[in-house]
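Scroll down for the structure; my scribbles are underneath it.
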Amino acid sequence: MGEAERTRPLRTAVIIGSNRESRAGDAIGRWFAGVAAARGDHEIDLLDLAEWRFPERFPDRPDEAVTAFTERLDRAEGFVIVTPEYNRGYPSALKEAVDYGYDEWQAKPVAFVSYGYHWAGRYAVEQLRPVFTELHAVTLRDGLHLDLLAEDTTGAEALERRRRTAHTLLDQLGWWGLTLREGRAARPYVA
Ligand SMILES: Cc1cc2nc3c(=O)[nH]c(=O)nc-3n(C[C@H](O)[C@H](O)[C@H](O)COP(=O)(O)O)c2cc1C
């Protein structure tokens, strides 16, 4: 692998996992994607599940939307899942989208931005970890977890803390992403 390929920005897909009407996930996901894109070391592809029209039932053969979606997953070298917490889990729309991929997730890193009440979406994240383990992806320990009921969610200090945590997540995702890019190029993954 040449130097240019080794060091070019990581192709990072940011997936907004809520498609609920009046969702908070839209603003959170777009804010995060903006922070990531401004750094220059991640080439961001925003996949907002509210913008995809997937089949009503899991199809025998992938239709155009599913194929287009899995192509975007395939192109990505790392993922950030932006997920809310619904009844201690994550949204069904997100599970549907994750299940459309298989090889596309393999030997790639996955980081989480979560949000919810009090636990800040951590239960959703812990339920997503085994899903990505099954898919041979690597989940990151550190994420960004937002408590939507915290007293200060919009003050300058809170925003600065949130921004710093986002950068730590992106630093770590970058490390894993570049390392696994080289690993996949050096030898085929053994599934
Ligand atoms: C069906 C449903 C179940 C919820 N369950 C939880 C929960 O178990 N824990 C929690 O912290 N928040 C829970 N919430 C609050 C959500 O985390 C909060 O409304 C968040 O904004 C939802 O994300 P969204 O607006 O992007 O869809 C729930 C919300 C909904 C709609």
Side-chain angles (χ1 to χ4, degrees), residues 12-39 42 44-58 65-66 68-70 72-73 76 78-101 104-105 109-135 137 139-170 172-173:
T12 300
V14 175
I15 300 179
I16 298 180
S18 162
N19 62 4
R20 193 176 66 86
E21 287 178 12
S22 314
R23 65 204 166 132
D26 187 22
I28 293 169
R30 280 167 210 282
W31 168 81
F32 182 87
V35 170
R39 289 164 53 108
H42 291 263
I44 298 299
D45 184 17
L46 188 64
L47 297 175
D48 180 348
L49 295 187
E51 293 173 356
W52 292 80
R53 295 287 164 266
F54 292 130
E56 236 170 75
R57 299 177 62 192
F58 201 104
V66 172
F69 185 73
T70 54
R72 300 269 284 273
L73 297 182
F79 302 95
V80 178
I81 307 291
V82 181
T83 184
E85 185 171 306
Y86 292 168
N87 298 317
R88 292 208 177 188
Y90 52 87
S92 54
L94 178 57
K95 184 64 162 65
E96 179 190 10
V98 168
D99 289 344
Y100 285 141
E104 294 84 355
W105 297 107
V110 179
F112 299 104
V113 172
S114 73
Y115 55 97
Y117 299 158
H118 304 303
W119 296 103
R122 284 183 178 82
Y123 285 111
V125 169
E126 293 313 316
Q127 292 204 6
L128 280 162
R129 287 188 195 283
V131 173
F132 284 107
T133 299
E134 176 65 18
L135 292 163
T139 63
L140 270 59
R141 171 187 179 275
D142 295 332
L144 172 60
H145 309 291
L146 306 171
D147 177 358
L148 302 181
L149 296 184
E151 271 177 27
D152 180 13
T153 54
T154 53
E157 242 179 70
L159 290 176
E160 179 51 25
R161 246 194 336 269
R162 180 189 290 195
R163 209 185 56 80
R164 269 203 312 271
T165 308
H167 282 296
T168 302
L169 180 162
L170 288 159
Q172 295 179 354
L173 187 71

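We count ligands from 1, going down the list as the structure has it; atoms in each ligand are counted the same way.
- Remark: ligand 1 and Gly25 share an N or O pair separated by less than 3.5 Å (distance only, no angle test).
- Near Gly116, with a cut-off below 4.0 Å to any heavy atom, the atoms of ligand 1 are 11 (O), 17 (O).
- Considering both main-chain and side-chain atoms, Arg20 comes within under 3.5 Å of ligand 1 through a nitrogen or oxygen pair.
- Between Asp48 and Arg23 there is a salt bridge, since a side-chain N of the basic residue sits under 4.0 Å from a carboxylate O of the acidic one.
- The ligand atoms of ligand 1 that sit less than 4.0 angstrom from a heavy atom of Pro84 are 22 (C), 23 (O).
- Applying the 4.0 Å criterion to heavy atoms of Leu148 picks out, from ligand 1, the atoms 20 (C), 21 (O).
- In this structure, the side chain of Arg129 engages the main chain of Leu140 through a donor-acceptor pair within 3.5 Å.
- No donor-acceptor contact under 3.5 angstrom links the side chains of Tyr86 and Ser92, judged on distance only.
- Here the side chain of Asp147 pairs a donor or acceptor atom with the backbone of Leu149 at under 3.5 angstrom.
- For atom 2 (C) of ligand 1, the nearest non-hydrogen atom of the protein is Tyr86 CD2, 3.8 Å.
- In this structure, a donor-acceptor pair under 3.5 Å is absent between the side chains of Gln127 and Tyr123.
- The distance from ligand 1 to the heavy atoms of Ser18 drops below 4.0 Å at these ligand atoms: 24 (P), 26 (O), 27 (O).
- Of all protein heavy atoms, the one closest to atom 26 (O) of ligand 1 is Tyr115 OH, 2.5 Å.
- Here's the thing with Arg23: none of its N/O atoms is less than 3.5 angstrom from an N/O atom of ligand 1.
- Nearest approach of Gly101 to Leu135, heavy atoms of both residues: O-CD2, 3.9 Å.
- In the vicinity of Ala24, heavy-atom distances shorter than 4.0 Å reach the ligand 1 atoms 21 (O), 24 (P), 25 (O), 26 (O).
- Taking the charged nitrogens against the carboxylate oxygens, Glu126 and Arg122 have no contact shorter than 4.0 Å, which rules out a salt bridge.
- The protein heavy atom nearest to atom 15 (C) of ligand 1 is Tyr117 CE1, 3.4 Å.
- The closest protein non-hydrogen atom to atom 7 (C) of ligand 1 is Asn87 N, 3.5 Å.
- Residue Leu47 is tested with Leu73, Ile16, Ile81 for a side chain to side chain contact (heavy atoms under 4.5 Å, CB included); the sole match is Leu73.
- Ring-plane geometry between Trp52 and Phe54 is classed as parallel, the angle between the planes falling under 30 degrees on a 0 to 90 degree scale with a further cut at 60.
- Looking only at heavy atoms of the protein, atom 28 (C) of ligand 1 is closest to Glu85 O, 3.5 Å.
- Ligand-side atoms of ligand 1 in range of Arg88: 7 (C), 8 (O), range being under 4.0 angstrom from any heavy atom.
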